[in-house]
2 protein chains.
Amino acid sequence: MIKEKGLSYTQAREELIDLLLHASTPLSYDNIKNSLSMDKATFYRNTALFEAAEIISSFESNDKKRYYFIEQNLHPHFICTNCNSIECLKEDIIYALNGYKIESITIKGLCPRCQKNE
Amino acid sequence: MIKEKGLSYTQAREELIDLLLHASTPLSYDNIKNSLSMDKATFYRNTALFEAAEIISSFESNDKKRYYFIEQNLHPHFICTNCNSIECLKEDIIYALNGYKIESITIKGLCPRCQKNE
DNA sequence: AAATTAAATGCAACTAAGTCGCATTTAATA
DNA sequence: TATTAAATGCGACTTAGTTGCATTTAATTT
Ligand SMILES: [Mn+2]
Ligand SMILES: [Mn+2]
Ligand SMILES: [Zn+2]
Ligand SMILES: [Zn+2]
């Protein structure tokens with residue numbers, strides 16, 4: 001995966017791809033910093049590189065943090081504006097936009113739990 | 001609009017609502033700081049208040065800035081990951097999510113212009 | 001209309017996610 | 001194994017957004 005894109009294969013990169021591949025939702029640096037052996041500068045440099053190589057995608061959440069993910073089937077992510085939780089929405093929307101290339105879709109609002117408790 | 005929600009009516013609040021009502025795309029503090037007479041602390045305190053009162057919505061863009069908008073018909077916004085431009089997509093998607101309340105939808109990718117030039 | 005008061009504002013200091021420069025290490029190739 | 005360009009770690013830095021506090025203002029009471 002890394003080598004396919006002509007990138008050199010390092011421990012840090014393997015570790016990062018591995019974490020994202022096995023994650024069930026998008027992850028921020030903060031989420032995984034304790035599981036990472038690399039420095040945060042390396043984390044961010046590699047996520048930027050992987051995004052440019054179209055290996056991963058990302059979005060900014062409500063909490064000012066960026067979340068990264070690898071996904072085969074393009075599906076939307078839901079961000080709760082109350083509890084900041086992030087969920088994968090299984091309903092594949094899409095949905096082609098003429099002339100645009102779609103990388104990610106994020107829907108913001110209230111999750112079922114937060115909507116009840118308000 | 002402000003008073004309807006039981007909020008007190010101040011010059012700063014009127015100015016802010018007015019700007020957002022007449023904007024053709026979502027706006028960040030940076031976009032309008034030169035048109036604003038209020039301090040940035042006031043800007044952010046009022047946007048937070050208006051969001052809680054459900055008068056405005058917002059999303060985080062690619063450029064680490066938060067964009068605010070008022071819109072009658074819920075439509076998605078497109079953010080280009082290359083040039084950071086933001087567009088209103090007129091095709092109303094949606095699309096109800098069972099149990100969720102939807103406040104905004106953002107689609108990230110490459111805009112037609114950036115997709116050509118790559 | 002003036003007095004009261006709680007809320008709104010401006011200012012400056014602060015926070016924290018992400019970035020950058022540079023010295024050191026490591027992966028790739030010869 | 002030696003070479004070298006690229007990757008990493010570290011600390012300093014940037015900057016959007018937040019917070020505490022003194023001052024001002026909107027709303028209510030007299
Ligand atoms: Mn997902
Ligand atoms: Mn719009
Ligand atoms: Zn929630
Ligand atoms: Zn573009």
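For the numbers below, each heavy atom of this structure counts, side chains included, while hydrogens, waters and symmetry mates do not.
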Chemist: Applying salt bridge (charged side-chain N to carboxylate O under 4.0 Å, His left out), which residue pairs with at least one partner in residues 53-79 of chain B are found, sequence neighbours left out?
Modeler: B/D30-B/K65, B/E54-B/K101, B/E60-B/R66
Chemist: With heavy-atom distances below 4.5 Å as the criterion, would you say the side chains of A/L20 and A/I55 are in contact?
Modeler: no
Chemist: What is the nucleic acid contact for B/T47, judged by heavy atoms within less than 4.0 Å: base, sugar-phosphate only, or nothing?
Modeler: nothing
Chemist: Sugar-phosphate atoms are those with a prime plus P, OP1 and OP2; base atoms are the rest. Using that split, label each nucleotide of nucleotides 15-30 of chain D B, S or - for protein heavy atoms under 4.0 Å, 5' to 3'.
Modeler: -SBBBB-----SS---
Chemist: Scan residues 3-28 of chain A for pairs that pass salt bridge (charged side-chain N to carboxylate O under 4.0 Å, His left out), counting only residues two or more places apart or in two chains.
Modeler: none
Chemist: In whole angstrom, what separates B/E15's CD from C/dT9's C1'?
Modeler: 13 Å
Chemist: Do A/I70 and A/F50 have side-chain heavy atoms sitting under 4.5 Å apart?
Modeler: no
Chemist: Round to the nearest Å and state the distance from A/E14 atom CD to C/dA28 atom P.
Modeler: 11 Å
Chemist: Quick one: B/I2 CD1 to C/dA8 C1', roughly how many Å, whole number?
Modeler: 13 Å
Chemist: Could you list the residues that satisfy side chain to side chain contact (heavy atoms under 4.5 Å, CB included) with B/Y44, not counting sequence neighbours?
Modeler: B/Y29, B/K40, B/T47, B/Y68
Chemist: Can you pull the salt bridge (charged side-chain N to carboxylate O under 4.0 Å, His left out) pairs that have at least one residue in residues 103-115 of chain A, sequence neighbours excluded?
Modeler: none
Chemist: Tell me the interatomic distance from A/N46, atom CG, to C/dG18, atom P, rounded to whole angstroms.
Modeler: 15 Å
Chemist: Report yes or no: does B/T81 contribute a side-chain atom to a donor-acceptor pair with the main-chain N or O of B/G109 at less than 3.5 Å?
Modeler: yes
Chemist: Find the bend of the helix from C/dA1-D/dT30 to C/dA30-D/dT1 as the angle between its two terminal axes (five pairs each), to the nearest 10°.
Modeler: 40°
Chemist: Hey, what do you get for OG (B/S85) to CG (B/L110), rounding to the nearest 0.5 Å?
Modeler: 10.0 Å
